[in-house]
Amino acid sequence: MSWQHKIRYLIGQPVGISLSNGQGTSGILCGVDGGKLLVIEYLYQTQFALKQYDFHMIQDVNGFPPCHNLQANYL
């Protein structure tokens with residue numbers, strides 16, 4: 001499934017975004033507006049920023065995997 005079809009199921013969820021330039025980012029997918037993904041990203045201490053990524057900059061978008069299986073190992 002292409003990332004454009006996945007994003008409607010990922011709104012409000014933590015996502016990893018692969019950019020066409022080889023870089024990546026992660027945050028909470030807030031929505032889509034005018035051909036841009038809206039992602040809230042952590043900056044520093046209590047600061048967050050709403051960033052916009054044009055569709056042409058994006059190679060793939062994936063939701064984070066669950067971590068419930070890891071909890072037993074670290075408690």
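Since we're looking at a predicted model, the values are computed, not measured.
Under the 4.5 Å side-chain heavy-atom criterion for grouping Ile, Leu, Val, Met, Phe, Trp and Tyr, Ile11 is not connected to Phe64 through any hydrophobic cluster. One hydrophobic cluster, built from ILVMFWY side chains closer than 4.5 Å, cannot hold both Leu10 and Ile28; they sit in different ones. A chain of hydrophobic side-chain contacts below 4.5 Å, direct or via other Ile, Leu, Val, Met, Phe, Trp or Tyr residues, connects Trp3 to Tyr53. Put simply, Leu50 and Ile17 are part of two different groups of oily side chains (I, L, V, M, F, W, Y) that touch within less than 4.5 Å, one to the next.
The two residues Ala49 and Leu43 make their nearest non-hydrogen contact at CB-CD1, 3.6 Å.
Atom-to-atom distance recorded for Ser18:OG and Ile58:CD1 is 10.0 Å, nearest 0.5 angstrom. Once rounded to the nearest 0.5 Å, the distance linking CG of Leu29 with CZ of Arg8 reads 13.5 Å. In this structure, CG in Asn21 is found 9.5 Å from CD in Gln59, a value given to the nearest 0.5 Å. Separating the NZ atom in Lys36 from the CE atom in Met57 is a distance of 9.5 Å, to the nearest 0.5 Å. Interatomic distance, Gln52 CD to Cys30 SG, rounded to the nearest 0.5 Å: 11.0 Å. To the nearest 0.5 Å, atoms CD (Gln4) and CG (Asp60) are separated by 9.0 Å.
Annotation: side chain to side chain contact (heavy atoms under 4.5 Å, CB included) contacts of Tyr9 (sequence neighbours excluded): none.
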Discussion item. If you apply the rule side-chain contact (heavy atoms from CB on, under 4.5 Å), what do you find for Ile7 with Leu37, and how did you get there?
Written reply: CA-CA 9 Å; Ile7 56 175; Leu37 284 188; 3.8 Å; yes
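Side chains of Val32 and Leu38 form no contact here, defined as non-hydrogen atoms less than 4.5 Å apart.
A donor atom on one side chain and an acceptor atom on the other are not found under 3.5 Å apart for Glu41 and Ser26.
Checked by atom type and distance alone, the side chain of Lys6 pairs as donor or acceptor with a backbone atom of Val61 at under 3.5 Å. In this structure, Asp54 contributes its side chain and His56 its backbone to no donor-acceptor pair below 3.5 Å.
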